[in-house]
Novice: 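Here you go, one structure.
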Amino acid sequence: MNKRISDQIKIASLIAIVCTMIGKILGLLREMKIAEALGASVSSDAYNVAYLLVITLFGLFSSAYSNSLMPIAAEQYTQDKKKMNKTVNEIVTISTVFMLVVIGLIYLFPNFFVKLMAAGMNTETITLAGRLVKISAWALVFLVLISAYTIVMRLYDKNIYPTVVDLLFPLPVLIALFCGATSPHILIASVVLGYAIKSICLMGGLKTIGFSPKPDFQWFDSKIKSFFCLMPPMLLSSGLLQINTLVDNQVASGFGTGSVTALSLASKVNGLAYTVFSTSLMQIIYSTMTKAYMKGNKKEFKDIVEKQTKMILMFIVPCFIILFNFSIEIISILFVRGSYTQDNAIIAGEILKGYALGLPVYVLRDICMYIYYSAKNSKFPSLVTGISVFINIGLNLLLSYFMGIKGVAYATSLA
């Protein structure tokens, strides 16, 4: 691998680890303050469902969206950047229109979407969550912009900028919490504001590299067709993964008030290590490895994958050991205060232990999937994902029956 490229990746990776760690610490601080303010209650369950609904709905679309856009944009990046600009704007416009349709459906049938996430909640919680999803739904538009514009920044080797911009997301919620806000309506609105700030900052960054973000309704570009040809297997794959999330929450909601919150907190703590030392680092090299593959430079492609895999595992294995062995202590230190009790922490800690079990495997799975996506092969990883989802659903029902709510996490890791 070219020494200059290798050095750039190392520097960007280290900065990404630091920035992502700071961002996750801010995110944990946000969750700590929310747990202190809301505890494990009707309000906290409704807030978490409204937040998770947006993440789940966008998750149905985002993986296919970003992983189809990357190779299309990377190919044009190496040939004609102006055409790439136009193609990305067309894809973003189509995606935004689609999300506006989804938002309209959420406004018409809010309780239906809430029940998709957690039908086992009581009527009071479902009603409150229905009001909150009408606010959180607007984050879908900003998530479309963030996903596409981050890809463009990475193609221009501006990996540090989107990582730094991520630090802005939790600030509106933290400001609201430190100002004494305890209303779930204000808190969920602050989440949407965080996404809006991120998208605006990314658009400002694009202009410094000569990219002009604007709506484009001319949707007959040949690359648009290629984009949509790549998407179906990835949509199936990401859709199946989100079914996992839906099943997890449905099962958890049957264990009483506070169960959805416990599952959410455990998942977010586990996601700290996973995102900091895996997702953020893989996103940095995804554009570089895709460009290398498009140029036919297989040696550079292989070197990038090998070096980054070793770096990620070097960080993730110690995280797995710590989270698995000290799960309850970690949850207690982070969240036991205010309305969140030690009994709540024990439940969330047992769930965290189950999630932590799968950390090294999640990482290897993602690395393999990025390799396939770089080569424009989305069918095989989708097939594997489909099989694992059906295994997870079966294990979810089986293990939750014998182990209680923590069985949900163990099922996910084993699958």
Side-chain angles (χ1 to χ4, degrees), residues 1-20 63-81 83-84 87-88 147-148 150-163 209 211 223 226-227 229-231 233-234 237 274-317 360-385:
M1 180 168 54
N2 182 290
K3 188 176 185 303
R4 183 183 65 82
I5 294 174
S6 178
D7 289 343
Q8 285 180 344
I9 291 174
K10 286 179 183 177
I11 293 169
S13 296
L14 289 173
I15 293 174
I17 288 173
V18 173
C19 289
T20 308
S63 178
Y65 173 64
S66 57
N67 291 322
S68 299
L69 179 58
M70 177 62 84
I72 296 297
E75 186 177 9
Q76 286 193 317
Y77 176 87
T78 60
Q79 298 169 358
D80 188 334
K81 292 183 178 62
K83 286 186 178 179
M84 183 198 75
T87 299
V88 171
S147 185
T150 297
I151 286 171
V152 175
M153 295 296 289
R154 296 197 188 285
L155 284 172
Y156 278 87
D157 295 319
K158 303 295 182 182
N159 290 299
I160 296 171
Y161 186 82
T163 305
I209 58 175
F211 183 96
K223 292 298 179 183
S226 298
F227 171 77
C229 286
L230 281 174
M231 280 192 76
M234 294 188 188
S237 177
Y274 178 56
T275 307
V276 170
F277 299 119
S278 175
T279 307
S280 62
L281 299 185
M282 283 308 301
Q283 286 175 346
I284 284 174
I285 66 161
Y286 185 30
S287 60
T288 308
M289 61 195 277
T290 304
K291 286 188 285 186
Y293 193 91
M294 293 301 169
K295 292 175 183 175
N297 193 338
K298 302 296 176 63
K299 185 180 184 304
E300 181 180 312
F301 179 85
K302 180 182 175 183
D303 288 346
I304 292 169
V305 173
E306 286 183 352
K307 289 182 178 180
Q308 202 74 349
T309 300
K310 289 176 183 176
M311 177 181 285
I312 292 171
L313 289 176
M314 180 179 70
F315 288 110
I316 212 71
V317 171
V361 190
Y362 300 154
V363 170
L364 294 173
R365 175 201 65 187
D366 284 358
I367 291 169
C368 291
M369 290 181 76
Y370 276 115
I371 292 170
Y372 278 102
Y373 292 154
S374 295
K376 292 187 176 180
N377 182 345
S378 58
K379 293 181 180 179
F380 184 71
S382 298
L383 174 64
V384 175
T385 300

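For the numbers below, each heavy atom of this structure counts, side chains included, while hydrogens, waters and symmetry mates do not.
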Novice: Looking at every heavy atom in both A73 and L155, which two are closest together, and how far apart are they?
Specialist: CB-CD1, 3.5 Å

Novice: Does the side chain of I209 come within less than 4.5 Å of M153's, by heavy atoms?
Specialist: yes

Novice: Under the side-chain contact (heavy atoms from CB on, under 4.5 Å) rule, collect the residues that match up with K83, sequence neighbours excluded.
Specialist: Q76, D80

Novice: Could you tell me whether the side chain of R365 reaches within less than 4.5 Å of the side chain of V384, counting heavy atoms only?
Specialist: no

Novice: With a 4.5 Å heavy-atom cut-off, do L313 and L364 have their side chains touching?
Specialist: yes

